[in-house]
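In what follows, every chain begins at residue 1, and chains take the letters A, B, ... in the order their sequences are listed.
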Amino acid sequence: MSTLKAVRGTRDLLPPETELWNHVESTARRIFARYNFGEIRTPIFEDTTLFARGIGEETDVVSKEMYTWEDRARAASEKAQSLTLRPENTAGVVRAYIEHKLGETGLLQKLFYIGPQFRRERPQKGRYRQFFQIGAEVIGPATAGSESPLRDAEVLEMLAAFLLELGLPPANAVAPGWRLAINSVGSAADRPRYVAALREALREIAPTMCEDCQRRADTNPLRVLDCKVPEDQPKIDALPKIADYLDDASTAHFTAVRAALDACGMAYTVNPRLVRGLDYYTRTTFEFTHDAGLGTQNALLGGGRYDGLSEMLGGPRAPGIGFAIGADRLVLTLQSQAAGSAVGSKADVFIAPVGDAQNPAALKLAQELRAQGMRVEVGDGTFRVKKSFEVADKLARKIVLLGEDEVASGVLTVKDFASGEQRKMTQVELLATAR
RNA sequence: GCGGCUAUAGUUCAGUGGCAGAACGCCGGUCUGUGGAUCCGGAUGUCGUGGGUUCAAUCCCCACUAGCCGCCCCA
């Protein structure tokens, strides 16, 4: 019989690696809290329509990468509902915003999430079919300031603070690090005008370009800008620029975002070709990449503004901006930086009963020490003392020998592995030395 | 979804058409309570799965699966 394995594109996270994951997640919670974000937890699956409408029917994510199934109808009269494992979380958050009428508070909603997402792509390093994102959204009625360029800059500054807190500095001339690229794809009105102009220009040029571009020119013209084929680059440079199609408000918005970033001393580059793959993005889009540790999958996180998404989903006007961090990629990056290598800490003490008659007393001692907050590992009385020492040295900083004498007298024999010093002490003294 | 590379011990990896190897780790060392880079000994395993060629396949061939790299796309 063949043994069962985690399915393609999924994996188990085990200690001590999970320690690093917890570090990343708790750091996100700590930093986001400083910016007054609250946590939202949305369901892991949603009505398929949510993603089709929100992300865009024609996007790759929706058209070929979703885990979708027909839910069982409970009664003959009921229609089976099409459900989908969430491929990203922004649509779900906006759905919740609409459903709970959060706009009626009149306040800006600042929400973050941490959780698994699912896309049926070909797995490779840093890309899994179940992957984890840490994301945040700032959304609310325009009267709450949700449309302000200050929000864009604040979110970007928060991301920089988060990466810095994790020990990841921005790249500079000599050292690798992260890089921030930003762009504006215009308002909901600008974007179609630009796409139309792009289509027009591509009608002539596209046949001379690479195969992929010929296809993209038809299906998703913005993607042509992303082409990496060297021969196509001059042709792409000659295409209409999004900046020339922004209306005054969008241009002013982008200028204001940059001014706020400059004020914070944030380094970034404007990349006019940075268009995100999801339909809901408007105006500001951005991406953080990292030079080291990730192969081709060098995007650490991405995001942007989505002023029209709520309305696309049937809700009130609710401009917003958000991002999603690829936690799998962030962890990979930290591991390659050795910034995350200091994991695998030891227990405070290892209790070694000598003879299995001492087992009950050992468990009682462990219970009491743990109640005082100590991290305790308990061996087994059938272990020879030599083995207890070997195991204890691997797992803990101190060993407590608990033989017949110790149990009778209540005086423990304690050896510290770092100093090699061994002495008798009471339980109270042991607690004091561990502090 | 497409192309390339890979799959051998718990781990990292050698290797051969004829009994399967190293290092690290693991277990044990003249049985009575002392670990760390000492020393001695021991076990590692359907050689990814299923077919085929052959007297004989871990090795050659085919398919499948998985991982990695690249493409597409994206976090």
Side-chain angles (χ1 to χ4, degrees), chain A residues 1-11 55-56 58-65 86-90 114-135 159 210-213 215-216 219-220 222-223 226-229 274-278 281 285-290 294-304 322-333 350 352-355 358 379 381 383-406 413-422:
Chain A
M1 190 165 66
S2 62
T3 54
L4 291 166
K5 297 190 297 184
V7 307
R8 185 170 169 80
T10 70
R11 63 199 178 129
I55 298 170
E58 301 305 317
T59 59
D60 276 26
V61 170
V62 171
S63 65
K64 47 185 220 203
E65 295 172 1
R86 63 186 188 195
E88 57 98 53
N89 214 344
T90 298
I114 296 176
Q117 319 291 338
F118 305 84
R119 282 182 210 172
R120 201 178 182 293
E121 296 178 283
R122 179 87 169 231
Q124 52 179 278
K125 193 184 189 73
R127 166 191 282 176
Y128 304 97
R129 290 181 168 185
Q130 172 174 321
F131 58 104
F132 295 85
Q133 287 188 333
I134 300 171
L159 284 165
C210 72
E211 251 180 67
D212 286 326
C213 282
R215 179 176 47 77
R216 293 186 193 118
T219 58
N220 195 350
L222 287 174
R223 288 270 120 216
D226 255 359
C227 177
K228 291 171 190 84
V229 177
L274 179 66
V275 291
R276 312 245 89 231
L278 312 182
Y281 285 115
T285 59
F286 57 86
E287 182 173 273
F288 283 68
T289 54
H290 201 277
L294 306 164
T296 357
Q297 310 300 321
N298 71 340
L300 261 188
L301 66 95
F323 61 82
I325 302 166
D328 306 80
R329 295 180 184 179
L330 188 53
V331 167
L332 273 175
T333 303
F350 181 97
V354 182
Q358 269 59 248
F383 288 1
R384 287 171 303 102
V385 172
K386 182 180 165 69
K387 182 182 168 79
S388 286
F389 266 82
E390 285 169 356
V391 175
D393 191 27
K394 282 174 193 156
L395 298 178
R397 292 197 298 271
K398 286 186 172 71
I399 184 169
V400 175
L401 277 182
L402 201 62
E404 230 173 310
D405 292 351
E406 285 87 352
T413 302
V414 180
K415 184 162 185 177
D416 184 287
F417 287 121
S419 66
E421 184 196 6
Q422 176 169 321

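- Residue Arg329(A) has its side chain nearest to A75(B) when only A75(B), U34(B), C72(B) are considered.
- Nearest-nucleotide assignment on RNA chain B puts the 5′-proximal partner with Glu404(A), out of Ala418(A) and Glu404(A).
- Nucleotides C5(B) and U44(B) are separated by 29 Å at their C1' atoms, to the nearest Å.
- Residues that satisfy the salt bridge (charged side-chain N to carboxylate O under 4.0 Å, His left out) test with Arg11(A), not counting sequence neighbours, are Asp328(A).
- Taking Thr285(A) as the reference, nothing meets the side-chain hydrogen bond (donor to acceptor under 3.5 Å, both in side chains) condition, with sequence neighbours excluded.
- Put simply, Arg384(A) has a side-chain N or O that comes within less than 4.0 Å of OP1 or OP2 on G29(B).
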Problem - Evaluation steps, side-chain hydrogen bond (donor to acceptor under 3.5 Å, both in side chains), between Thr10(A) and Gln130(A) - result: CA-CA 6 Å; Thr10(A) 70; Gln130(A) 172 174 321; over 6 Å; no

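- Taking the P atom of each, A43(B) and U49(B) are spaced 24 Å apart, rounded to whole Å.
- Gln358(A) comes within 4.0 angstrom of nothing in the nucleic acid, heavy atoms only.
- Between Lys386(A) atom NZ and U38(B) atom C1' there is a gap of 11 Å when expressed in whole angstrom units.
- Using a 4.5 Å cut-off on side-chain heavy atoms (C-beta onward), Leu159(A) and Ile325(A) make contact.
- As judged by a 4.0 angstrom heavy-atom cut-off over every strand, Phe323(A) is placed among residues making no nucleic acid contact.
- Looking at residues two or more places apart in sequence or on another chain, you find no salt bridge (charged side-chain N to carboxylate O under 4.0 Å, His left out) involving Glu88(A).
- Using atom C1' as the reference point in both G10(B) and C47(B), the two lie 16 Å apart (nearest Å).
- Aromatic stacking is marked for Phe131(A) over A75(B), as both cut-offs hold: 5.5 Å for the centres and 30° for the planes.
- Distance alone, capped at 3.5 Å, places no donor-acceptor pair between the Arg329(A) side chain and the Leu300(A) backbone.
- Across the protein-nucleic acid pair, Phe383(A) atom CZ and U34(B) atom C1' stand 15 Å apart, rounded to whole Å.
- Every residue meeting the side-chain contact (heavy atoms from CB on, under 4.5 Å) condition with Lys125(A), not counting sequence neighbours, appears here in chain and number order: Leu332(A).
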Problem - Evaluation steps, side-chain contact (heavy atoms from CB on, under 4.5 Å), between Lys415(A) and Leu401(A) - result: CA-CA 8 Å; Lys415(A) 184 162 185 177; Leu401(A) 277 182; over 6 Å; no

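- Regarding Asp328(A), its CG atom lies at a distance of 18 Å from the P atom of C74(B), rounded to whole Å.
- Note that CG of Leu274(A) is 10.0 Å distant from OH of Tyr281(A), once rounded to the nearest 0.5 Å.
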Any N/O pairs under 3.5 Å between the protein and nucleotides 7-11 of chain B? List them or say none.
none

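- Contacts of residues 387-396 of chain A with RNA chain B (heavy atom under 4.0 Å): Lys387(A), Phe389(A), Glu390(A), Asp393(A), Lys394(A).
- Taking the P atoms as reference points, C13(B) lies 25 Å from G18(B), given to the whole Å.
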Can you check nucleotides 64-69 of chain B for protein contacts, nitrogen or oxygen pairs under 3.5 Å, and list what you find?
| from | atom 1 | to | atom 2 | distance (Å) |
| --- | --- | --- | --- | --- |
| G67(B) | OP1 | Gly9(A) | N | 3.1 |
| G67(B) | OP2 | Arg8(A) | NH1 | 2.8 |
| C69(B) | OP2 | Lys125(A) | N | 2.5 |

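- More than 90° away from 0 lies the glycosidic angle of C64(B), which makes this nucleotide anti.
- Atom CG in Leu402(A) sits roughly 16 Å away from atom P in U34(B) (whole-Å rounding).
- Going from atom CD of Glu287(A) over to atom P of C73(B) covers 13 Å, rounded to whole Å.
- Judged as a side-chain hydrogen bond (donor to acceptor under 3.5 Å, both in side chains), and not counting sequence neighbours, Gln133(A) has no contacts.
- Protein atom CG of Leu401(A) is 11 Å distant from nucleotide atom C1' of G35(B), rounded to whole Å.
- Remark: Glu404(A) engages no residue in a salt bridge (charged side-chain N to carboxylate O under 4.0 Å, His left out) (not counting sequence neighbours).
- Proximity note for Gln422(A) (side chain, C-beta onward) versus A75(B), C73(B), U34(B): the nearest is U34(B).
- A gap of 36 Å separates the C1' atoms of C71(B) and U53(B), to the nearest Å.
- Taking the P atoms as reference points, G45(B) lies 23 Å from G51(B), given to the whole Å.
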Fill in the blank from the handout: For RNA chain B, the dot-bracket notation using Watson-Crick and G-U wobble pairs below 3.5 Å, [ ] for pseudoknot-type crossings and | for other-strand pairs, is (((((((..((((....[..)))).((((.........)))).....(((((..]....))))))))))))....

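- In this view, Arg127(A) satisfies the side-chain hydrogen bond (donor to acceptor under 3.5 Å, both in side chains) rule with no residue, not counting sequence neighbours.
- Residue contacts for Gly135(A): at a heavy-atom cut-off of 4.0 Å it reaches no nucleic acid atom on any strand shown.
- A straight line from CD of Glu121(A) to P of C73(B) spans 11 Å, rounded to a whole angstrom.
- Between Phe383(A) atom CZ and Phe389(A) atom CZ the span is 14.0 Å, to the nearest 0.5 Å.
- With rounding to whole Å, Ile325(A) atom CD1 is found 13 Å from A75(B) atom P.
- Among the atoms of the strands shown, none is found under 4.0 Å from any heavy atom of Leu330(A).
- To the nearest whole angstrom, the two C1' atoms, one in U16(B) and one in C60(B), are 13 Å apart.
- Among Ile114(A), Asn89(A), Leu301(A), the single residue meeting the side chain to side chain contact (heavy atoms under 4.5 Å, CB included) criterion with Ile134(A) is Ile114(A).
- The same atom, P, is picked in G48(B) and in A7(B); the two are 8 Å apart, to the nearest Å.
- Contact detail for Phe350(A) and Gly379(A): the closest heavy-atom pair is CZ-CA, 3.4 Å.
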Side-chain donor-acceptor pairs under 3.5 Å in residues 392-400 of chain A, sequence neighbours left out?
| from | atom 1 | to | atom 2 | distance (Å) |
| --- | --- | --- | --- | --- |
| Arg397(A) | NH2 | Asp348(A) | OD1 | 2.6 |

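- Nucleic acid contact for Arg11(A): none, since no nucleic acid atom lies under 4.0 Å from a heavy atom of the residue.
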